[in-house]
Amino acid sequence: MTKLRAGEFGTVDWEHLIEEVEALAKRDRRELESRLRVLLSHLLKRVYVKSPEDYRGWENPIKEQRSEIQLLLRDSPSLKGYLAEIFEASWRYAAGQVKDDYPDVALPAHCPFPPELEPLLTQKFWLANPPGQNAGN
């Protein structure tokens with residue numbers, strides 16, 4: 001990097017630099033996907049699993065994952081497009097994990113949470129009726 005900063009472009013090992021940049025991008029994408037999976041699984045638990053003694057234990061990771069996703073996207077704004085690409089697969093993974101842990105809980109067939117960034121990272125879905133359900137249910 002010092003060669004780049006000094007403007008010594010002719011002496012830069014471009015192949016190595018490209019590999020390093022690609023590795024960093026892959027690492028950030030893996031981290032985003034992992035954090036999204038954890039966020040979605042805890043949101044599902046908090047909204048659909050009736051276990052008041054566990055609510056705080058699910059809300060804390062929700063806050064943490066939201067914060068970390070915001071930091072990742074702030075530092076690498078190009079990941080916003082990737083988030084949209086991985087949302088559905090991350091939802092399926094999270095739903096599968098929750099279903100394994102809580103087989104008697106009825107989970108929705110489709111993701112009840114919006115893929116849009118702002119509500120996903122801010123809304124307390126558990127304060128309303130579960131997504132997709134009417135007040136009378």
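Just so it is clear, the model here is predicted, and its values are computed rather than measured.
Residues passing the side chain to side chain donor-acceptor pair (under 3.5 Å) test with E116: none are found, sequence neighbours excluded.
Note on L121 and L40: same hydrophobic cluster, where clusters join Ile, Leu, Val, Met, Phe, Trp and Tyr whose side-chain heavy atoms are under 4.5 Å apart, directly or indirectly. Both W91 and V49 belong to a single network of hydrophobic side chains, linked directly or stepwise wherever heavy atoms of I, L, V, M, F, W or Y lie under 4.5 Å apart. Linking Ile, Leu, Val, Met, Phe, Trp and Tyr residues whenever their side-chain heavy atoms come within less than 4.5 Å places F125 and L44 in a single cluster. Residues L71 and L32 are members of separate hydrophobic clusters, defined by side-chain heavy-atom contacts under 4.5 angstrom among Ile, Leu, Val, Met, Phe, Trp and Tyr.
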(request) List the steps, then state whether side-chain contact (heavy atoms from CB on, under 4.5 Å) holds for D100 with Q97. (result) CA-CA 5 Å; D100 286 348; Q97 292 294 104; 4.2 Å; yes
(message) Please evaluate residues W126 and I62 with respect to the criterion side-chain contact (heavy atoms from CB on, under 4.5 Å), reporting the C-alpha separation (whole Å), side-chain torsions for both, the decisive distance (0.1 Å), and the verdict.
(response) CA-CA 12 Å; W126 54 91; I62 289 169; 3.7 Å; yes
(request) Report the C-alpha separation of V47 and F113 in whole Å, then their side-chain angles, then the decisive distance to 0.1 Å, and conclude whether the side-chain contact (heavy atoms from CB on, under 4.5 Å) test is met. (result) CA-CA 10 Å; V47 172; F113 310 114; 4.1 Å; yes
(message) Under the criterion side-chain contact (heavy atoms from CB on, under 4.5 Å), I'd like the reasoning laid out for L120 against L43: C-alpha separation, chi angles, the key distance, then a yes or no.
(response) CA-CA 10 Å; L120 185 65; L43 284 171; 4.1 Å; yes
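Judged by distance alone, with hydrogens and angles left aside, the side-chain atoms of T122 form a donor-acceptor pair with the main-chain N or O of E118 at under 3.5 Å. Judged by distance alone, with hydrogens and angles left aside, the side-chain atoms of K99 form no donor-acceptor pair with the main-chain N or O of A94 at under 3.5 Å. When atom types are taken as modelled, the side chain of S41 and the backbone of V38 share a donor-acceptor pair closer than 3.5 angstrom. Under a 3.5 Å cut-off, the side chain of R46 and the backbone N or O of D54 do not form any donor-acceptor pair.
Of all heavy-atom pairs spanning P119 and R66, the tightest one is O-NH2, 4.2 Å.
Here CD of Q65 is found 9.5 Å from CG of L36. Values are rounded to the nearest 0.5 Å. Once rounded to the nearest 0.5 Å, the distance linking OH of Y55 with CG of N60 reads 15.0 Å. Rounding to the nearest 0.5 angstrom, the gap separating the CG atom in L83 from the CD1 atom in I69 is 7.0 Å. Separation of atoms CG (D28) and OH (Y82) is listed at 11.0 Å; rounding is to 0.5 Å. Distance check: S34 OG to R29 CZ gives 15.0 Å after rounding to the nearest 0.5 Å.
Ring geometry for Y102 versus W58: interplanar angle over 60°, hence perpendicular rather than tilted (30 to 60°).
No side-chain donor-acceptor contact under 3.5 Å links E88 and S90.
Contact of the Y48 side chain with the P112 side chain is registered, since non-hydrogen atoms from C-beta on lie closer than 4.5 Å.
One finds a salt bridge joining E31 and R35 here, because a Lys/Arg side-chain nitrogen approaches an Asp/Glu carboxylate oxygen to under 4.0 Å. Look at R37 and E33 and you find a salt bridge, because one of the NZ, NE, NH1 or NH2 atoms lies within 4.0 Å of a carboxylate O, short of that distance.
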